[in-house]
Amino acid sequence: MEYKQRTVTCGALRKSDDGQRVVLNGWVHRNRNHGGIHFINLRDRYGITQVVVGEHAPDDVVAVAGELHLEYCVSVEGIVHARPASMVNAEMGTGEIEVEALSLQILSRCEPLPFMIDENETDAKEDTRLRYRYLDLRSGAMQKRIKLRHDFVRAIREYLSSRDFYEIETPTLIKSTPEGARDFLVPSRIYPGKFYALPQSPQLFKQILMVSGFDKYFQIARCYRDEDARGDRQLEFTQLDMEMSFVNRDDILLVMEGLFNHVFKQVMDYQLPAHFTRLTWHEAMNTYGVDKPDLRYGLPIVAVDDLAKASSFGTFLQVLSDGGTVKALKAPASEAPAYSRKYISELEDAAKIYGAKGLAWIKVGSNGAIEGGVSKFFVGQEQALIQRMEAKEGDMIVFVADQWKKTCNSLGAVRIKLARDLGLVTKGTFEFCWIVDFPLFEYNEDAKHWEAAHHMFSMPQVQYLDTLESDPGSVKGDLYDLVLNGYEVASGSIRIHDVELQKRIFRICNFTDEEAESRFGFLLNAFRYGPPPHGGIAPGIDRMVMIMAEQTSIKEVIAFPKNTAAISPMDDSPSSVDEQQLDDLHLIIKQLKKTE
RNA sequence: GAGGGCGUAGCGAAGCUGGUUAUCGCGACGGCCUGUCACGCCGUAGAUCGCGGGUUCGAGUCCCGUCGCUCUCGCCA
């Protein structure tokens with residue numbers, strides 16, 4: 001098709017371009033027909049320019065203008081005119097000018113839209129947006145977020161490249177290894193009955209790159225985990241995968257602090273503190289009830305075992321004698337929501353999600369009195385309780401009594417709900433923190449053996465090396481998570497680089513030497529050839545961009561995401577395949593639950 | 001696997017305790033309009049109220065089942 005190619009974009013023209021002859025290519029964003037005069041807002045990635053088809057326009061231009069509908073793709077040639085002061089649109093970047101059309105060509109037509117393309121957020125429902133993702137991505141909001149993501153990744157590449165990191169690709173068809181999440185499998189055509197797996201992360205390959213001497217590595221790596229989706233989780237996602245040799249934990253934390261200082265400044269002009277708060281896993285759990293605390297607000301959880309023990313509340317006493325714990329959280333006084341019976345029950349529901357059996361409460365009245373709920377069991381301890389909680393009139397104190405982890409998690413959920421409902425979350429701020437000293441193992445009650453809490457390649461802290469086997473539960477690892485505004489945005493560790501130590505870890509996690517050798521033999525072999533001490537980390541790109549864009553779903557920052565049912569409504573994947581394809585792959589479908 | 005929310009025209013929504021012809025905005029279509037910028041004005045079409053069953057004289061509304069979407073728990077080193 002012959003057409004006039006653009007000489008400028010729709011966001012470029014200014015008053016200083018007055019009188020220029022230009023060509024614009026773009027989409028009809030709005031078309032206002034006043035009978036004798038048309039105003040066409042022409043849109044592309046860069047902005048919107050008003051095109052005028054007026055009284056002096058050639059007849060053919062007027063005719064074409066009359067045919068235009070929303071989202072027609074057109075080419076316009078015209079003259080730039082500065083608008084008279086009274087007609088300037090201060091809302092638009094190009095609001096001081098307009099382009100008088102001399103020629104107008106329709107490049108392609110557009111059917112009636114399923115939803116309007118908005119300069120900001122579209123009001124269509126997510127399902128509809130995903131089905132017509134190509135239209136949804138035209139919205140100003142999506143364009144902005146996709147750009148943000150580009151800027152973010154670009155700033156990362158620039159920073160790391162300037163600091164001697166190599167970007168190295170690792171395979172996406174790899175061996176299935178029995179750790180972590182469920183693997184996506186790819187059947188081999190050449191080897192009947194054998195499968196590749198898509199990587200859950202480039203973990204083993206980046207460690208092997210360290211053995212190869214590439215002592216500073218990074219990759220913008222696609223990762224795959226066949227697990228149920230969430231707002232902040234897709235089965236396919238992108239990590240900034242990193243690994244370094246001859247480093248200790250603090251070296252890695254410092255690199256990351258430098259990286260994100262640079263990136264936030266570069267991309268959002270946001271100044272982060274030079275160093276991020278560090279909390280041990282235990283501190284985080286005890287104080288915030290999660291291993292990914294949102295530090296944009298306070299509301300610390302407080303231990304009250306001693307006060308509970310001195311109380312006369314049977315439930316508390318029972319939990320304590322069963323080895324549990326009692327913790328409390330102060331809900332600060334506020335007008336809305338008042339701590340009504342209904343609201344307290346909402347808080348209780350939040351606590352119960354994580355297994356708490358109930359939520360005890362006490363209101364603080366005037367003159368140091370405590371009222372309602374379980375207050376009658378704390379006679380004589382009013383002042384001690386108020387002092388401990390730093391409570392004042394109008395505050396409410398809520399309690400959970402249970403096993404340690406349930407207690408922490410439940411109050412953690414109440415803390416988050418309170419902060420949201422009371423409006424304690426400061427918009428537009430970014431609070432990073434490090435969580436360190438994670439336990440290396442946790443006990444799998446179903447499988448009846450210990451498992452790696454993160455993965456099996458993380459280094460135990462040296463003081464636990466003699467007690468790995470005798471007391472796995474208390475072993476702390478050289479592990480660290482980076483947390484941003486209540487989301488885990490990165491996770492990493494110093495790795496094991498010693499074959500014997502690595503084998504001990506496998507054994508504790510119930511792998512025989514034979515199994516370990518068959519699954520991870522290539523790593524163990526590499527470690528027989530002078531592996532350097534090394535460690536790394538992997539920030540989630542989608543999550544970080546989501547938080548920077550102040551969204552609550554990573555779908556908002558992924559061009560083509562899948563829905564919660566793991567379906568892509570646009571291309572309708574997954575789908576069935578031809579019999580011939582199955583034959584090639586030596587596959588027989590066991591049973592179809594429903595006919596397709 | 002489990003729980004909460006939602007499902008009404010192409011899109012977004014209203015429809016209270018069951019009661020005539022299911023309402024509104026955007027969009028579509030036709031017409032009018034020479035300075036709008038979410039243009040305005042007049043008119044038209046468009047809905048088996050997700051699907052199936054039940055209660056009832058009568059169901060968008062109540063009950064049961066089912067499907068889809070969404071958030072969450074489990075799961076996700």
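In what follows, every chain begins at residue 1, and chains take the letters A, B, ... in the order their sequences are listed. The figures here come from the full heavy-atom set of this structure, side chains too, leaving out hydrogens, waters and symmetry mates.
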Inset, instruction - Name the nucleic acid region contacted by A:M116, choosing base, sugar-phosphate or nothing; use a 4.0 angstrom heavy-atom cut-off, strictly under. - result: sugar-phosphate
Legend entry - Distance in angstrom units between A:H69 NE2 and B:G27 P, rounded: 13 Å
Inset, instruction - Tell me what A:S86 touches on the nucleic acid: a base, only sugar-phosphate, or nothing, going by heavy atoms under 4.0 Å. - result: nothing
Inset, instruction - Please determine which of A:R145, A:R129, A:K144 meets the salt bridge (charged side-chain N to carboxylate O under 4.0 Å, His left out) test together with A:E121. - result: A:R145
Inset, instruction - Keeping the roles fixed (side chain from A:R14, backbone from A:G93), state whether a donor-acceptor pair exists under 3.5 Å. - result: yes
Legend entry - Min side-chain heavy-atom separation A:I174-A:P202 under 4.5 Å: no
Legend entry - Separation between the C1' atoms of B:A28 and B:C67, rounded to whole Å: 30 Å
Inset, instruction - Would you tell me if any nitrogen or oxygen in the side chain of A:H38 comes within less than 4.0 Å of OP1 or OP2 on B:C33? - result: no
Inset, instruction - Give the rounded distance in Å between these two atoms: OH of A:Y354 and P of B:C75. - result: 11 Å
Legend entry - Distance between P atoms of B:G4 and B:U48 (Å, rounded): 29 Å
Inset, instruction - Mind jotting down which residue pairs meet the salt bridge (charged side-chain N to carboxylate O under 4.0 Å, His left out) criterion with at least one end in residues 27-54 of chain A? Sequence neighbours excluded, please. - result: A:R6-A:D44, A:R43-A:E71
Inset, instruction - Give A:K352 one of three labels, base, sugar-phosphate or nothing, depending on what nucleic acid heavy atoms sit under 4.0 Å from its own. - result: nothing
Legend entry - Sugar-phosphate, base or nothing in reach of A:N41, heavy atoms under 4.0 Å: sugar-phosphate
Legend entry - side-chain N/O A:K562 vs B:C69 OP1/OP2, d < 4.0 Å: no
Legend entry - Of A:D123 and A:M456, the one whose closest RNA chain B nucleotide lies more 5': A:D123
Legend entry - A:K125 side chain near B:A13 phosphate (N/O to OP1/OP2, under 4.0 Å): yes
Legend entry - Side-chain-base donor-acceptor pair under 3.5 Å for A:R233 and B:C75: yes
Inset, instruction - Please indicate yes or no: is the ring centre of A:F39 less than 5.5 Å from the centre of the six-membered base ring of B:U36, with the two planes inclined by under 30 degrees? - result: yes
Inset, instruction - Under 4.0 Å between any heavy atoms, over every strand shown, what does A:N89 touch: base, sugar-phosphate, or nothing? Just pick one. - result: base
Inset, instruction - Determine the contact category for A:G35: base if any of its heavy atoms lies under 4.0 Å from a base atom, sugar-phosphate if only primed atoms, P, OP1 or OP2 are that close, otherwise nothing. - result: base
Inset, instruction - Establish, with yes or no, whether the OP1 or OP2 oxygen of B:C69 is under 4.0 angstrom from a side-chain nitrogen or oxygen of A:N563. - result: yes
Inset, instruction - Verify the stacking flag for A:H34 against B:C33: centroid separation must be under 5.5 angstrom and the ring planes must differ by under 30 degrees. - result: no
Inset, instruction - Could you check how far CD1 of A:I117 sits from C1' of B:C11, rounded to whole Å? - result: 11 Å
Inset, instruction - May I have the distance from A:M546 (atom CE) to B:C71 (atom C1'), rounded to whole angstrom? - result: 13 Å
Legend entry - Exam field: side chain A:Q200 to backbone A:A181, donor-acceptor pair closer than 3.5 Å: yes
Inset, instruction - Please state whether the phosphate of B:C39, meaning OP1 or OP2, lies under 4.0 angstrom from any side-chain nitrogen or oxygen of A:R32. - result: yes
Inset, instruction - Scan A:E55 against the nucleic acid and name what it touches under 4.0 Å (heavy atoms): base, sugar-phosphate only, or nothing. - result: base
Legend entry - A:Q143 backbone acceptor or donor facing A:R138 side chain under 3.5 Å: no
Inset, instruction - In whole angstrom, give me the gap between the P atoms of B:G65 and B:U20. - result: 29 Å
Inset, instruction - Quick one: label A:A565 by what it contacts on the DNA or RNA (base, sugar-phosphate, nothing), any heavy atom closer than 4.0 Å. - result: sugar-phosphate
Inset, instruction - Would you indicate what A:E91 reaches in the nucleic acid, counting non-hydrogen atoms under 4.0 angstrom: base, sugar-phosphate, or nothing? - result: nothing
Inset, instruction - Considering just the side-chain nitrogens and oxygens of A:T122, establish if one lies under 4.0 Å of OP1 or OP2 belonging to B:C11. - result: no
